[in-house]
Amino acid sequence: MSPVKTVRLTVGQAIVRFLVHQYSQRDGIKQRLIAGAFGIFGHGNVCGIGQGLLQNEVDSTPDGGSMPYIMPRNEQGMVNAAAAFAKATDRMQTMMCTASIGPGSLNMVTGAALATTNRLPVLLFPSDQFATRMPDPVLQQLEDPRSLDVSVNDAFRPVSRFFDRINRPEQLLPSLMQAMRVLTDPAETGAVVLALPQDVQAEAYDFPVEMFEDRIWHVRRPAVARDELQRAADIIRSSKRPLVIAGGGVIYSQASDELRAFATATGIPVADTHAGKGAINFDHDCAVGGIGSTGSHAANHLGDKADVVIGIGTRYSDFTTASHTQFKNPDVQFVNINVKAFDAAKHAAEMVVADAKEALIALRKELSDYRVDDDYRTEVAKERQAWCEITSECYGPHDQELPAQTEVFGALNEMLGENDVVINAAGSMPGDLQALWQAKTPVQYHVEYAFSCMGYEIPAALGVKLALPDSQVVAIVGDGTYQMLPMELATVVQENIKVIYVLLQNYGFASIGALSESHGSQRFGTRYREGAGCAHTEDGAVLPVDIAKNAESWGLKVYRVSTMDEFKDAYRKAEADTQAVMIHIETDLFGPNPPCDSWWDVPVAQVSRLDSTEKAREEHDTYREKWQRHYLKASH
């Protein structure tokens, strides 16, 4: 037996060399799985995986390929950027992230949770304490008297889809292989975390040369089981008022064409979630818009009376189901198509565990003899038309001193091209966007609403632009979100990334303020006002915080505008610019916002000295007792 050929590398160097040779492939399209690296260096990784990235940047030839490096400013921000990159590439690519020991690595936990909640692949390398335990405790080490093996990185375990700690170089290869498996698994993907003790990162080992050969990870399209297909088709065929809910799985499967064809053939209306918006173009005859707590009247009215709900690639968040009050038909049944059995089983559904594209092709063929009746199609058309009129009204103009944020959304919806991208994540804006945005393509709408993480938008724009360099990338940022995580503006400027930030300044938290007021808590602690005590519920002087100047200090070009005409003119200038731009506009804190006829379960205090809270509790109990229920109708 001939000896195994080896190459002597440190663990950090071996990781970089291994990753440049990993590829994903689906439908014959092959691409680098790990497209680049984000890294913030400190003790723990600066001389380990950091040195490996440096060595690759100086001369990538021995590694057989380069690992492009980008220098971020905040650990949570870089994971958000990596998740946004993965979302924009339909999960076929992602980025690696490395951070230093202790607080640096722990800062990535929120980003890991965001990625896993959204079913987005990210690859994280948090640094860890010494495996030898010779310097013990090291700087920034958390000591747990119950076990010397515990570190802050164990906090990643519940928020990752795969976690391992590499205590010996020999452990690296099997761990990396499992990491690649999870990153490319359409059902199990999320945050993959390999904790690296700082001494192990710099330790040399004779790795087998075969470890660094090109490897293709084929992303599966699970086919539909024949018996599952027939059961689902039988339920749909028996329905009079079916409704499709398109989730993110439709887009990640690149099944938009198949969804449109299915809707056209059957006449079944299609509602969408945040992750699924754009899966069907808004002007398709069967497209009825967002559903649930922030949905359109069209989708919600149809959802109220649906007898069969066909969920495709959705995890059914409480916003989608309006906290289990949306589907009011007592005999409603669910057919769920999902690559993940966990999601397919929700609401006592008839499960179809399969790829969305494969399932839609098979289901359309199986239902070739089925089409909804003329009365239902007429009803769908009337609901669509009525909501289009409401959308036009919401997009303005409005007769008030400051523009409403819905007017800004209307202008952007008109001006963005089909392959441009609007980004948002938190506050009142996702609700307005879900209800009103008319997505032309699957790529145009990028709203992170599974974790709804404030601070996502600024780094997300960086990640999306890296993934889609030919698209105009527009991140809509509220003043509350801006103050959470603005640091990646410096990265955008340093890396010369052209993105457009639209900053809506309303001196407070519009979403939580409205939620607080409507639930009896009087907008407490949601306004940016000077003073103390009662100023937390009253209008005082606005804070003298100048976000436009702050953005300029990061290196952005900033356009300050006051009217919608000025906003549109500024956007056209920003569109033509070659550098990162912010458009700053003051908007009305109080809306108006689109009308909503669905619910969201926000528990209100059962007892209170405040009349406003007592009244809100009565309203909460009335709605919950009348409509909230588990969906347990068994299929036959």
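Side-chain atoms of E448 and N118 form a donor-acceptor pair, as typed in the model, at a separation below 3.5 Å. Side-chain polar atoms of W217 and Q22 form a donor-acceptor pair below 3.5 angstrom. Side chain to side chain, T264 and H284 meet the donor-acceptor criterion of an N or O pair below 3.5 Å. A side-chain N or O of D432 and one of Q405 form a donor-acceptor pair less than 3.5 Å apart.
Under the 4.5 Å side-chain criterion, counting only non-hydrogen atoms from C-beta, Q628 is in contact with D601. A heavy-atom distance below 4.5 Å is not found between the side chains of V447 and I423. Residues S239 and Y370 meet the side-chain proximity criterion, which asks for heavy atoms closer than 4.5 Å. Side-chain contact between P222 and V353: absent, with no pair of heavy atoms (C-beta onward) separated by less than 4.5 Å. Using a 4.5 Å cut-off on side-chain heavy atoms (C-beta onward), I268 and V372 make contact. Contact annotation: the side chain of L114 approaches that of N80 to within less than 4.5 Å [non-hydrogen atoms, C-beta and beyond]. Residues I34 and L123 meet the side-chain proximity criterion, which asks for heavy atoms closer than 4.5 Å. Between V288 and V270 there is no side-chain heavy-atom pair separated by less than 4.5 Å.
For the ring pair (Phe, Tyr, Trp, His ring centres under 6.0 Å) condition, no pair includes a residue of residues 404-431, sequence neighbours left out.
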- Going through the checks in order, is the ring pair (Phe, Tyr, Trp, His ring centres under 6.0 Å) test met by W600 and H620? CA-CA 10 Å; W600 184 36; H620 173 272; over 10 Å; no
- Query: Are F334 and F327 close enough, and set up right, to give a ring pair (Phe, Tyr, Trp, His ring centres under 6.0 Å), and what steps lead you there?
  - Reply: CA-CA 10 Å; F334 288 79; F327 308 107; 5.6 Å; yes
- Which is it for M95 and L466 under the side-chain contact (heavy atoms from CB on, under 4.5 Å) test, yes or no, and what are the steps along the way? CA-CA 10 Å; M95 307 280 280; L466 290 172; 4.3 Å; yes
- Item | Trace of the side-chain contact (heavy atoms from CB on, under 4.5 Å) decision for N281 with T441 | CA-CA 6 Å; N281 46 303; T441 63; over 6 Å; no
- Task: Starting from the C-alpha separation in whole Å, work towards a yes-or-no answer on salt bridge (Lys or Arg N to Asp or Glu O under 4.0 Å) for R231 and E350.
- Result: CA-CA 7 Å; R231 289 194 297 268; E350 187 63 55; 2.8 Å; yes
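The aromatic rings of H347 and Y631 sit perpendicular to each other, their planes meeting at more than 60°, with 30° as the lower class boundary. In this pair, F163 and F156 present their aromatic rings parallel. The plane angle is below 30°, not in the 30 to 60° band. Ring orientation note: the planes of H630 and H324 are nearly perpendicular, at an angle over 60° on the 30°/60° scale. Between Y623 and W627, the ring planes lie tilted relative to each other; the angle falls in the 30° to 60° range.
Salt bridge status for D272 with K277: present, with a side-chain N to carboxylate O gap under 4.0 Å. Taking the charged nitrogens against the carboxylate oxygens, R221 and D27 do have a contact shorter than 4.0 Å, which makes a salt bridge. Comment: K340 does not engage D343 in a salt bridge, judged by the lack of any side-chain N to carboxylate O separation of less than 4.0 angstrom. Classification of K328 and D304 as a salt-bridged pair holds, one side-chain N sitting under 4.0 Å from a carboxylate O. Between K240 and D373, none of the side-chain N atoms (NZ, or NE/NH1/NH2) sits under 4.0 Å from a carboxylate O, so this pair counts as no salt bridge. Between E379 and R384, none of the side-chain N atoms (NZ, or NE/NH1/NH2) sits under 4.0 Å from a carboxylate O, so this pair counts as no salt bridge. Salt-bridge formation is not detected for the pair D257/K357: no Lys NZ or Arg NE/NH1/NH2 atom is positioned less than 4.0 Å from an Asp or Glu carboxylate oxygen.
For R364, the CZ atom sits in a loose shell: 12 or fewer heavy atoms of surrounding residues, nucleotides or ligands are nearer than 6.0 Å. The number of heavy atoms from other shown groups lying within 6.0 Å of CD (Q606) does not exceed 12.
Taking all atoms of both residues into account, the shortest heavy-atom contact from G292 to S598 is O-CB, 3.4 Å. In plain terms, the two heavy atoms of A425 and S452 that are nearest each other are O-OG, 2.9 Å. V502 approaches L412 most closely through the heavy-atom pair CG2-CD1, 4.4 Å. The shortest heavy-atom contact between M92 and V219 is CE-CG2, 3.7 Å. The shortest non-hydrogen separation linking F282 to A287 is O-CB, 3.7 Å. The minimum heavy-atom distance linking G303 with I291 is given by the pair CA-CD1, 4.4 Å.
Checked against side-chain hydrogen bond (donor to acceptor under 3.5 Å, both in side chains), D369 has the following partners two or more places apart in sequence or in another chain: R237. Taking the side-chain hydrogen bond (donor to acceptor under 3.5 Å, both in side chains) definition, one finds that R161 meets it with E188, sequence neighbours left out.
A cation-pi arrangement is present between K30 and Y23, with the terminal nitrogen or guanidinium carbon under 6.0 Å from the aromatic centre and inside a 45° cone about the axis.
The one candidate from N338, T321, N336, T273 that meets the side-chain hydrogen bond (donor to acceptor under 3.5 Å, both in side chains) condition with Y316 is N336.
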